[in-house]
Participant: 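To start, I am sharing the structure in question, which I have written as structure tokens.
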Amino acid sequence: MNYSTAEFLFSLLNQRVQKLPREFYDRDTQLVARELLGKFLIHKTGDIERIGKIVEVEAYLGEHDLPAHSAKGRTARTEIMFGPPGHTYVYLIYGIHHCMNVVTEREGHASAVLLRAVEPVKNLEGRTNGPGLLCRAMGIDKRLNGHDLLSDDFYIAESEAEKFSTVKGPRIGVDYAKHWAKRHLRFYIKGNAFVSKP
DNA sequence: CTCGGGATGCGT
DNA sequence: CGCATCCCGAGG
């Protein structure tokens with residue numbers, strides 16, 4: 001695998017990389033979504049460490065947000081979304097692909113941020129520009145549902161602040177959701193080549 | 001229990 | 001645009 005520009009930059013900053021604290025996630029979901037851009041998703045399995053830089057996300061705003069799974073209420077499936085912030089919500093969609101979310105805000109708020117795309121930094125194979133592709137490349141599946149992101153094997157970290165512009169727009173694949181479909185709850189790094197649908 | 005549909009991705 | 005492929009949640 002090539003020593004990519006992103007990996008080179010990451011190695012330079014490696015000593016300063018810090019795991020995001022619980023308080024990061026325990027804030028307004030749209031704010032968390034925007035601030036997740038540029039952060040590093042890190043997953044260690046065995047002796048392999050996979051790293052991707054988050055470049056595209058979507059915010060899902062709790063029980064009243066029609067496309068949010070928590071809009072169905074508290075069920076076995078959505079229980080994680082109603083739980084404390086800083087945990088993962090991973091589910092299988094269309095029987096094929098996995099999607100990864102980060103639970104936000106206080107317990108009971110039932111909000112989350114969907115990770116839609118990452119830029120490969122380390123040990124990622126295949127495409128990463130979509131929620132299902134991202135999970136495949138990062139080795140993420142339902143076994144990681146409910147995982148605490150303050151753990152040492154699966155977490156999100158920040159490095160030195162990187163300058164970029166953020167683009168916002170309607171979420172993908174929720175056209176059925178009336179006025180909720182029109183809200184600009186999707187955010188991505190402007191000009192980044194790994195965004196799913198620029 | 002059955003059944004309809006989905007925060008996707010890929011091929012036609 | 002069709003379809004893979006399975007889980008979920010609603011309804012009987």
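Remember, it's a predicted structure, so these values are computed and weren't measured experimentally. Protein chains get the first letters and strands the later ones, always in sequence-line order, with residue 1 at the start of each.
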Participant: Honestly curious: do A:Leu37 and A:Leu31 fall in one hydrophobic cluster under the side-chain, below-4.5 Å linking rule?
Facilitator: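 Each belongs to a different hydrophobic cluster.
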Participant: With a 4.0 Å cut-off on N to O distance, would you call A:Asp152 and A:Lys44 a salt bridge?
Facilitator: no
Participant: Can you tell whether the side chains of A:Arg27 and A:Glu105 come within less than 4.0 Å, N to carboxylate O?
Facilitator: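 Salt bridge between A:Arg27 and A:Glu105, a charged N being under 4.0 Å from a carboxylate O: no.
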Participant: State the dot-bracket string of DNA chain C. Criteria: Watson-Crick or G-U wobble, both atom distances under 3.5 angstrom; notation: ( ) intrastrand, [ ] crossing earlier pairs, | interstrand, . unpaired.
Facilitator: ||||.||||||.
Participant: Contact class for A:Tyr91 (heavy atom, under 4.0 Å): base, sugar-phosphate, or nothing?
Facilitator: base
Participant: Which pairs, with at least one residue in residues 176-189 of chain A and sequence neighbours excluded, count as a side-chain hydrogen bond (donor to acceptor under 3.5 Å, both in side chains)?
Facilitator: A:Glu56-A:Arg186
Participant: Sequence neighbours left out, what passes ring pair (Phe, Tyr, Trp, His ring centres under 6.0 Å) with A:Tyr89? Give chain and number order.
Facilitator: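 Listed in chain order: A:His69, A:Tyr91.
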Participant: Within the 4.0 Å limit for protein heavy atoms, which parts of nucleotides 2-12 of chain C are touched? Write it as a string from 5' to 3', B for base, S for sugar-phosphate only, - for none.
Facilitator: --BBBSSS---
Participant: Please lay out, stage by stage, how A:Tyr60 and A:Ser70 fare under the test side-chain contact (heavy atoms from CB on, under 4.5 Å).
Facilitator: CA-CA 9 Å; A:Tyr60 286 83; A:Ser70 53; over 6 Å; no
Participant: Can you list the residues that meet the side-chain hydrogen bond (donor to acceptor under 3.5 Å, both in side chains) rule with A:Asp148, with sequence neighbours excluded?
Facilitator: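 Here the qualifying residues are A:Arg22.
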Participant: With a non-hydrogen cut-off below 4.0 angstrom, is A:Pro67 in contact with a base, only sugar-phosphate, or nothing?
Facilitator: base
Participant: Quick check: is A:Leu185 connected to A:Leu36 through a chain of hydrophobic side chains (ILVMFWY, heavy atoms under 4.5 Å apart)?
Facilitator: no
Participant: Do A:Leu20 and A:Val32 share a hydrophobic cluster (ILVMFWY, side-chain heavy atoms under 4.5 Å, transitive)?
Facilitator: yes
Participant: Which nucleotide span of DNA chain B, 5' end to 3' end, has atoms closer than 4.0 Å to non-hydrogen atoms of chain A?
Facilitator: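 Range of nucleotides touched by chain A: B:dG6 to B:dC10.
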Participant: Are A:Val102 and A:Leu150 joined in one hydrophobic group, where the rule is that I, L, V, M, F, W and Y side chains link up if heavy atoms are under 4.5 Å apart?
Facilitator: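 Yes, it is one cluster - the side chains of A:Val102 and A:Leu150 are joined through contacts under 4.5 Å.
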